[in-house]
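Report on the following structure.
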Number of protein chains: 2
Amino acid sequence: MPSPLPSRTRGPKPTKVDPDHLLDAAQAVFAEEGLRAASLRAIARRAGCDPALIYYHFASKEALFLALLDRRFPAVLQDMARLAEPTDLRPTPLRLWDVLLIYHRHLKDDPGIRALIRGEIVRGAEGLGHLIEDQIRPMIGSIQRIFEQGIARGEVRPGVQPLMATFFLAKMQLEILDVLPAVLPLLTELPPEGAVLTGMRAWLEILWRGVALDPAAPLPTLPSPLV
Amino acid sequence: MPSPLPSRTRGPKPTKVDPDHLLDAAQAVFAEEGLRAASLRAIARRAGCDPALIYYHFASKEALFLALLDRRFPAVLQDMARLAEPTDLRPTPLRLWDVLLIYHRHLKDDPGIRALIRGEIVRGAEGLGHLIEDQIRPMIGSIQRIFEQGIARGEVRPGVQPLMATFFLAKMQLEILDVLPAVLPLLTELPPEGAVLTGMRAWLEILWRGVALDPAAPLPTLPSPLV
DNA sequence: GATCCAATTCAACAGGTGTTGAATACTGGT
DNA sequence: ACCAGTATTCAACACCTGTTGAATTGGATC
């Protein structure tokens with residue numbers, strides 16, 4: 001026995017750890033710990049592999065995070081773009097409600113990405129330039145267009161600035177998804193379960209009355225999200 | 001010369017480093033780096049002293065942060081309580097505008113505290129219990145009362161839920177202070193200087209029309225903040 | 001002048017971080 | 001049977017973190 005101990009743990013596993021599985025783990029850890037506090041070791045532990053393996057699939061921690069975003073954003077962007085098509089002639093409040101539903105559908109379970117859109121995108125993370133250009137700006141453009149079409153169709157007050165309204169609509173929805181379920185039970189006796197949906201309806205009602213040309217007109221019934 | 005070198009750097013400085021100066025430095029670093037990333041070494045560097053000195057005045061990093069909050073909150077709370085007194089018979093939109101102005105005045109230069117109110121308060125930081133009980137809950141209560149009084153006075157729609165409206169009003173103001181100056185130049189050619197005030201006015205206009213009993217009534221002129 | 005205390009720094013600790021180079025094992029092709 | 005390539009781990013690097021105990025100094029008090 002010349003060699004001290006032939007270790008048997010190295011080499012490929014019976015079932016490969018594909019990059020998508022790593023992204024799942026990363027998403028979960030980012031969600032729990034926050035962006036900065038999430039460590040590669042924690043992510044690797046979650047994925048059941050060694051931290052070094054992450055570097056086999058991704059160039060760095062930042063690249064891992066960017067890959068996470070690149071996986072999620074296109075679907076949101078696409079949904080939003082479809083919603084903004086001028087051939088959609090439904091009442092504007094219904095379309096705005098759909099904006100909220102799209103966020104709800106795609107971002108409900110991904111606080112990491114919400115945190116990014118929320119603010120992390122502003123300061124730092126140099127590699128984000130392409131994301132802002134390719135995904136976020138068009139997404140905002142889509143919502144903005146819904147407001148513009150609403151003005152043209154005589155449903156929205158002409159005094160409303162579409163970009164501001166977009167900012168308000170989207171930002172608040174992120175807050176509703178993020179903190180309302182945590183904050184509402186702190187302030188009332190309400191259970192957190194219905195908090196998000198309650199908040200969304202209350203928000204759209206106030207926002208719509210705020211921007212509508214005829215605020216006295218009744219809101220159409222807002223369908224619940226499909227679960 | 002028996003001793004190698006009698007160091008002359010130790011001992012009290014000619015001018016004492018008082019705890020308030022440490023808090024100033026801490027606030028600045030928390031603002032720039034974010035809560036988690038702000039290191040005691042960076043704070044000490046900013047304050048021009050050794051990291052260990054921080055432990056002479058504060059028990060831990062968390063205690064330092066809590067002291068920072070305890071220094072800022074009472075003034076906000078007091079302003080808000082005064083504003084909510086039922087003897088204030090000015091039009092409700094003017095009072096809501098004052099809510100925004102109070103946030104603007106006290107939190108404009110303190111992103112660390114804004115970040116805390118925004119979300120950090122939810123997850124983690126065990127020592128925050130007393131703050132929520134003593135400062136934040138009464139603060140929210142004050143705003144809520146303004147809405148309730150507005151309903152009683154026939155200015156606000158009775159359908160409006162005061163707590164939800166409070167959440168929307170305050171949350172959005174934090175977003176306006178926080179990200180609007182950074183995000184607006186990214187999306188338009190507008191300079192960041194006027195972004196906050198423009199955003200605040202646009203926000204109050206939409207929110208007020210959204211909650212007013214008579215949304216057609218014109219907004220009173222909103223005074224600019226005193227700088 | 002000796003003594004005490006408050007204020008400050010130094011040097012180190014233990015632990016965590018992102019990252020890398022080398023070693024290893026399995027698989028498929030020739 | 002060899003070889004190449006792919007996927008995986010190990011062990012270490014340099015650095016940063018919050019925190020602490022001991023050492024030091026200056027001023028006030030006795």
Side-chain angles (χ1 to χ4, degrees), chain A residues 1-26 29-30 32-68 112 120 124-127, chain B residues 1-23 25-26 29-30 32-68 112 124-127:
Chain A
M1 302 99 170
S3 80
L5 248 183
S7 51
R8 276 166 201 121
T9 57
R10 268 155 150 144
K13 289 188 174 179
T15 65
K16 275 194 271 195
V17 179
D18 79 314
D20 232 55
H21 180 227
L22 283 181
L23 287 177
D24 290 341
V29 176
F30 278 135
E32 283 171 19
E33 312 281 336
L35 248 85
R36 199 149 208 155
S39 78
L40 290 176
R41 282 168 172 85
I43 294 172
R45 213 176 307 129
R46 181 76 142 244
C49 72
D50 191 272
L53 183 60
I54 298 179
Y55 284 85
Y56 182 76
H57 291 290
F58 304 94
S60 68
K61 185 185 179 182
E62 189 184 5
L64 171 67
F65 184 64
L66 288 179
L68 205 53
E120 218 93 21
E126 298 302 317
Chain B
M1 302 98 177
S3 80
L5 250 182
S7 49
R8 278 168 200 120
T9 58
R10 270 157 151 144
K13 288 189 176 179
T15 66
K16 276 195 270 195
V17 178
D18 79 316
D20 232 56
H21 181 228
L22 283 180
L23 287 178
V29 176
F30 278 136
E32 283 171 17
E33 310 282 337
L35 248 84
R36 199 151 208 153
S39 79
L40 290 176
R41 283 170 171 85
I43 294 172
R45 212 177 307 130
R46 181 75 142 246
C49 71
D50 191 272
L53 183 59
I54 298 179
Y55 284 85
Y56 182 76
H57 291 289
F58 304 94
S60 66
K61 184 184 180 183
E62 190 185 5
L64 171 68
F65 183 63
L66 288 180
L68 206 53
E126 298 300 318

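Numbered from 1 within each chain, the chains take letters A, B, ... in sequence-line order.
Looking at heavy-atom distances under 4.0 Å, B/A37 makes no contact with the nucleic acid at all.
For residues 46-65 of chain B, the set of pairs meeting the ring-ring contact (aromatic ring centres under 6.0 Å, His included) definition, not counting sequence neighbours, comprises B/F30-B/F65. The stretch residues 17-26 of chain A participates, sequence neighbours left out, in these salt bridge (charged side-chain N to carboxylate O under 4.0 Å, His left out) pairs: A/D20-A/R71, A/D24-A/R71.
Under the side-chain contact (heavy atoms from CB on, under 4.5 Å) criterion, A/A59 pairs with A/A63, not counting sequence neighbours. Residues passing the side-chain contact (heavy atoms from CB on, under 4.5 Å) test with B/A52 are B/D50, sequence neighbours excluded.
Note: CZ (A/F65) to P (C/dG18) measures 14 Å, nearest angstrom. The distance between atom CD1 of A/I54 and atom C1' of C/dT20, rounded to the nearest whole Å, is 14 Å. In this structure, A/H21 places its NE2 atom 16 Å from P of D/dA7, rounding to the nearest Å. In this entry the distance linking NZ of A/K61 with P of C/dT17 reads 9 Å, nearest Å. With rounding to whole Å, A/L22 atom CG is found 12 Å from D/dA7 atom P. The distance between atom OH of B/Y56 and atom P of D/dA22, rounded to the nearest whole Å, is 17 Å. Nucleotide C/dT17 holds its P atom 15 Å from the CG atom of A/L64, rounded to whole Å. Rounded to an integer number of Å, the gap from B/R36 CZ to C/dT17 P is 10 Å.
Rounding to the nearest 0.5 Å places CD1 of A/I43 at 7.0 Å from OG of A/S39. With rounding to the nearest 0.5 Å, the separation of NE2 in B/H21 from CG in B/L23 is 10.5 Å.
Along DNA chain D, the nucleotide nearest A/D18 and the nucleotide nearest B/L40 are compared for position; the residue whose nucleotide lies closer to the 5' end is A/D18.
Of the side-chain N and O atoms in B/S39, none sit less than 4.0 angstrom from OP1 or OP2 of D/dC16. A close approach under 4.0 Å does not occur between any side-chain nitrogen or oxygen of B/H57 and OP1 or OP2 of C/dA7. The phosphate of C/dT20 (OP1 or OP2) has no side-chain N or O of A/Y55 nearer than 4.0 angstrom.
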Between the protein and nucleotides 11-13 of chain D, which nitrogen or oxygen pairs are less than 3.5 angstrom apart?
none

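Counting only heavy atoms from C-beta on, A/S60 has its side chain closest to C/dT19 among D/dT9, D/dT19, C/dT19.
Taking every heavy atom of both residues into account, B/A25 and B/R46 meet most closely at CB-CG, 3.7 Å.
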